[in-house]
Amino acid sequence: MTDSGEIHERAGQRRYSTCGELRPEHIGRTVTLKGWVNRRRDHGGLIFLDLRDRYGITQVVANPQHSPESHRVAETVRNEYVLSVTGTVTARPAGTENPAMATGAIEVQAEQIEVLNPAKTPPFYINEDTEVDETLRLEFRYLDLRRERMQRNLILRHRVVKFIRDYLDARDFIEIETPHLVKSTPEGARDYVVPSRIHPGHFYALPQSPQQLKQLLMVAGMDRYYQIARCFRDEDQRADRQPEFTQLDLEMSFVDTEDVMALTEGLFTALFEKLASKPILQKPFPRLTYAEAMLRYGSDKPDLRFGMEIGDVTDIVAQSAFGVFANTVQSGGVVRGIAVPGQADISRSQVDQVTEQARTFGAKGLVWIGLQAGDGGELTPRSPVAKFLSPDEIAGMAERLGAGPGDLMLLVADQAPVAANVLGRLRVSLGHALGLVNTGVHAFCWITEMPFFEWDEEHRRWEAAHHPFTSPMDEDLDILESDPGRARAKAYDIVLDGYELGSGSIRIHRRDVQNKIFELMGYDDAEIERRFGHLLRAFEYGAPPHGGIAPGIDRVVMILAGEENIREVIAFPKNQSAQDLMLGAPSPIDQAQLDELHIALKLPKPAGA
RNA sequence: GGAGGCGUGGUGUAGUGGCCUAACAUGCAGCCCUGUCAAGGCUGAGAUCGCGGGUUCGAAUCCCGUCGCUUCCGCCA
């Protein structure tokens, strides 16, 4: 911005310099800087002021001999005062340059300092990157956002979104806004609802995603649509989940899975090569079927930045003298395990900890076997159950899991989904605890052939695993009814560093097929018409085959920023109780407002009443 | 709904039954200081240890309850 020596000029604004742009080529110029006092160093005579804005920090010198008036003002200013400083850009005296600062070769000799606004002492440090209680940060978010870390994150977020827009624009996508006041769809997440004043007793819902609307845009012939879409879900929070969040929602006509995946992969590859500080581990992105991911990683969002893959040893121990293994296999279960490198000599208390962890993940127990190198090079097992296992069984398991001398084997015997889940979580937990995760790279992967249905134990029925508009795989059409648990969908998830970035699918575009799916899910005709009539009707008027995906923008930016919490990349996030601590939302509304909306409150009794 | 962690001057921490009349750093206020950049020096103010109850001769510390924040599980078509 300053390569030409020209000072940045903003349209419609009086000319002044930012605190990040002055360089030696500007020496001799008279400039005006506007910004916040980052620090003041008062030497009695000289006073140094570090003036800060979004662009950087510039040192201002108030010299009583040069300008007694500005020195007098500089004595009164404090941190976070807003100043307008006019002065001359000068070279710093030899030996006092600061190479750590972008503007460290120069300084501005103040000729006039105007206090545009004084400031109270802030409740936490703005000029230091120290941990501060998040409640306080959120309450004073406008001060928190002044801090360098948050400025960096929000600027990064802007660049990500800008990149995405440019990338998709260059590929014939158009951005279309869809409404925020839409119709409630009770399946899936809970809706945030908005009462209608004009229609007493009727409510809008805020969209959980623009899913149906973007499909209707395909019917409308928009061909390629995207939106940086705000989505709302009234569910409990996590470090990577907020009640309102932003998705890159996109949809394409006349495509199959490969087209959507290629577009998405191209976008993320280009985006990360432009904006990430770490390389992508594998290009093209590895693909795993859902079944394979569950088997090898015990998760549908595997972190491929480290190994420690799960191995299945069911066949090896099916006839074992160790009853837990043999009985589990007998009753249709599996025995699977992971090898933990270098942990053969794990302490008893550590084993107890890991076992307890496994229990919280749903395991009945955890078998551990430390493999110590014997004198003759053979493996000596160290385990409370070693006496029940034959040397062949132990050697076989070690080979299957890739465990060698010095390693620890952890084994779970249970039904396959439980064993996968427990080991998948142990893998992640231990991988991080033992520093096995290569945090110097980003690892993308695709999960394909997702299951079509999921059994909903609570409602005793089959639910769409992705959403009910997803197309089944052609080869599984005939088992949809006979064996719904085995049917697969034309759905794919994109996964990054162990986070699910987004899900996509090829949609159903024919009314008869969509109807069939709703019927399989247990809806009768009246209910189908009431809930989805608009979509089904649209399908009768020439709906093209179409599909898309919706990666989470917040998660992408979070990972790019190296943050572990989504709140760090959202300007005004909610806390875990879904409150905005700065605005004080949600809040009660007056009786007059309630009356106008025809709403009577039925509040829970206060505790203890 | 459930489980864990945390809660001590403005901020970040230490203190885990008596040495606490609560420490350290930073910030804040005042004074000194003309080349600092986390400036430096001196002085000072600032905490009913989240709240309530209990155990004890004695509680920041132990117990019970409660509130707040947070992480995870459930939940998130």
Side-chain angles (χ1 to χ4, degrees), chain A residues 38-52 57-66 71 78-80 90 92-101 103-104 107 109 120-140 143 185-191 208-209 211-212 231-243 245 356-357 359-362 421 425 428-429 452-454 456-459 461-470 489 491 500 503 505 517-518 521 523 531-532 552 564-565 567 575-577 579 581 607-608:
Chain A
N38 193 58
R39 270 201 176 82
R40 186 178 72 115
R41 292 178 295 280
D42 185 346
H43 286 236
L46 284 181
I47 297 174
F48 296 98
L49 299 175
D50 288 343
L51 206 62
R52 182 195 70 233
I57 290 175
T58 298
Q59 174 165 283
V60 172
V61 187
N63 187 327
Q65 263 136 42
H66 185 71
H71 182 264
R78 294 293 181 268
N79 284 349
E80 302 310 318
T90 56
R92 292 197 184 187
T96 68
E97 302 90 348
N98 186 346
M101 286 173 77
T103 61
E107 61 196 9
Q109 291 287 342
K120 289 168 73 173
T121 301
F124 51 83
Y125 304 108
I126 288 168
N127 52 18
E128 281 180 31
D129 187 23
T130 47
E131 286 299 315
V132 178
D133 177 51
E134 205 179 352
T135 306
L136 201 60
R137 291 177 57 200
L138 291 176
E139 191 183 337
F140 293 93
L143 296 181
T185 53
E187 49 289 305
R190 274 185 279 265
D191 285 321
Q208 297 178 24
S209 93
Q211 179 62 34
Q212 294 185 44
C231 306
F232 304 85
R233 294 180 190 173
D234 186 5
E235 295 294 343
D236 288 346
Q237 317 304 302
R238 287 289 186 280
D240 62 350
R241 269 165 36 186
Q242 278 274 301
F245 61 101
E356 183 48 41
Q357 212 179 358
R359 285 217 176 85
T360 66
F361 295 152
N421 182 42
R425 285 163 188 251
V428 169
S429 162
F452 190 85
F453 283 119
E454 233 163 39
D456 180 352
E457 190 56 46
E458 193 188 340
H459 298 101
R461 65 188 184 102
W462 291 100
E463 288 240 328
H466 183 49
H467 53 58
F469 316 114
T470 299
E500 184 199 307
S503 292
S505 66
I517 298 300
F518 287 141
M521 291 173 60
Y523 294 128
R531 289 191 179 177
F532 305 108
E564 292 189 344
N565 196 299
R567 292 187 297 268
N575 71 2
Q576 193 168 36
S577 328
Q579 295 165 303
L581 295 175

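Order of the sequence lines fixes the chain letters, A, B, ..., with proteins taken first and strands second; residue numbering starts at 1 for each chain. These numbers come from the heavy atoms of this one structure, side chains and all, not from hydrogens, waters or symmetry mates.
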- Which residue lies more 5' along RNA chain B, comparing A:Thr121 with A:Leu136 via nearest heavy atoms: A:Leu136
- Item | Separation of atom CD in A:Glu107 from atom P in B:U36, rounded to whole Å | 11 Å
- Task: Search all heavy atoms of A:His466 against all heavy atoms of A:Ser505 and return the closest pair with its distance.
- Result: CD2-OG, 3.4 Å
- Item | Assigned partner base of B:A60, Watson-Crick or wobble definition, under 3.5 Å | none
- Item | A:Arg359 CZ - B:A3 P separation (whole Å) | 18 Å
- Note on the structure: Separation of B:A29 atom P from A:Asn79 atom CG, nearest Å, is 9 Å
- Quantified in whole Å, what is the P atom distance between nucleotide B:G18 and nucleotide B:U61? 11 Å
- Report yes or no: is the cationic atom of A:Arg461 (NZ for Lys, CZ for Arg) closer than 6.0 Å to the six-membered ring centre of A:Phe453, at no more than 45° off its axis? no
- Query: Are any side-chain N or O atoms of A:His71 and backbone N or O atoms of A:Gln65, one a donor and one an acceptor, separated by less than 3.5 Å?
  - Reply: no
- Item | Annotated protein contacts, base or backbone, on nucleotides 37-52 of chain B with a non-hydrogen cut-off under 4.0 Å, one of B, S, - each | BSB-------------
- Note on the structure: B:G68 -> Watson-Crick or G-U wobble partner, both distances under 3.5 Å, gives B:C6
- Item | Inter-nucleotide P distance (B:U66, B:G30), Å rounded | 47 Å
- Query: Using the C1' atom in both, what is the distance from B:G58 to B:U13, to the nearest Å?
  - Reply: 27 Å
- Is A:Phe48 stacked on the base of B:U36, meaning ring centres closer than 5.5 Å and planes within 30 degrees of each other? yes
- Query: Considering Watson-Crick and G-U wobble pairs with both distances under 3.5 Å, what does B:U21 pair with?
  - Reply: none
- Message: I'd like to know if the side chain of A:Arg40 and the backbone of A:Arg78 have a donor-acceptor N/O pair within less than 3.5 Å.
- Response: no
- B:G9 C1' sits how many Å from A:Phe124 CZ, rounded? 18 Å
- A:Asn38 CG to B:U36 P, in whole Å, measures 19 Å
- Query: In B/S/- notation, 5' to 3', how is nucleotides 69-77 of chain B contacted by protein heavy atoms closer than 4.0 Å?
  - Reply: SBBSBBBBB
- With A:Arg92, which residues qualify under side-chain contact (heavy atoms from CB on, under 4.5 Å), at least two apart? A:Gln59, A:Thr96, A:Glu97, A:Asn98, A:Met101, A:Glu107
- N/O donor-acceptor pair under 3.5 Å between A:Ser209 side chain and A:Cys231 backbone: no
- Quick one: does A:Glu128's side chain have a donor or acceptor within less than 3.5 Å of a partner on A:Ile126's backbone? no
- Message: Say we look at B:C73 and B:G12: how far apart would their C1' atoms be, to the nearest angstrom?
- Response: 31 Å
- Distance-only, no hydrogens or angles: does the A:Asn127 side chain make a donor-acceptor pair with backbone N or O of A:Asn38 under 3.5 Å? yes
- Separation between the C1' atoms of B:A47 and B:C28, rounded to whole Å: 15 Å
- Contact class for A:Pro93 vs. all strands (heavy atom < 4.0 Å): base, sugar-phosphate, or nothing? base
- In the structure shown, which nucleotide is the Watson-Crick or G-U wobble counterpart of B:U16, with both distances under 3.5 Å? none
- Item | Residue matched to B:C75 through Watson-Crick or wobble contacts both under 3.5 angstrom | none
- Message: Suppose you measure atom C1' in B:G27 against the same atom in B:G9; what distance do you get, rounded to whole Å?
- Response: 11 Å
- Item | Among B:G27, B:G35, B:U11, the nucleotide that comes nearest once only the side chain of A:Val132 is considered | B:U11
- Is the shortest distance from a Lys or Arg side-chain nitrogen in A:Glu80 or A:Arg52 to a carboxylate oxygen in the other one below 4.0 Å? yes
- Query: When you compare B:G68 with B:G52, how far apart are their P atoms, in angstrom units rounded to a whole number?
  - Reply: 16 Å
- Message: In whole Å, measure the gap between the C1' atoms of B:U8 and B:A22 for me.
- Response: 8 Å
- Is the side chain of A:Gln109 donor-acceptor paired with the backbone N or O of A:His66 at a distance under 3.5 Å, no angle test? no
- Carboxylate-amine/guanidinium contact A:Asp236 A:Arg241, below 4.0 Å: no
- Message: Using whole Å, what does the distance between atom C1' of nucleotide B:G5 and atom CD of A:Glu356 come to?
- Response: 16 Å
- Message: Under 4.0 Å, counting only non-hydrogen atoms across every strand here, what does A:Ile57 touch: a base, just sugar-phosphate, or nothing?
- Response: nothing
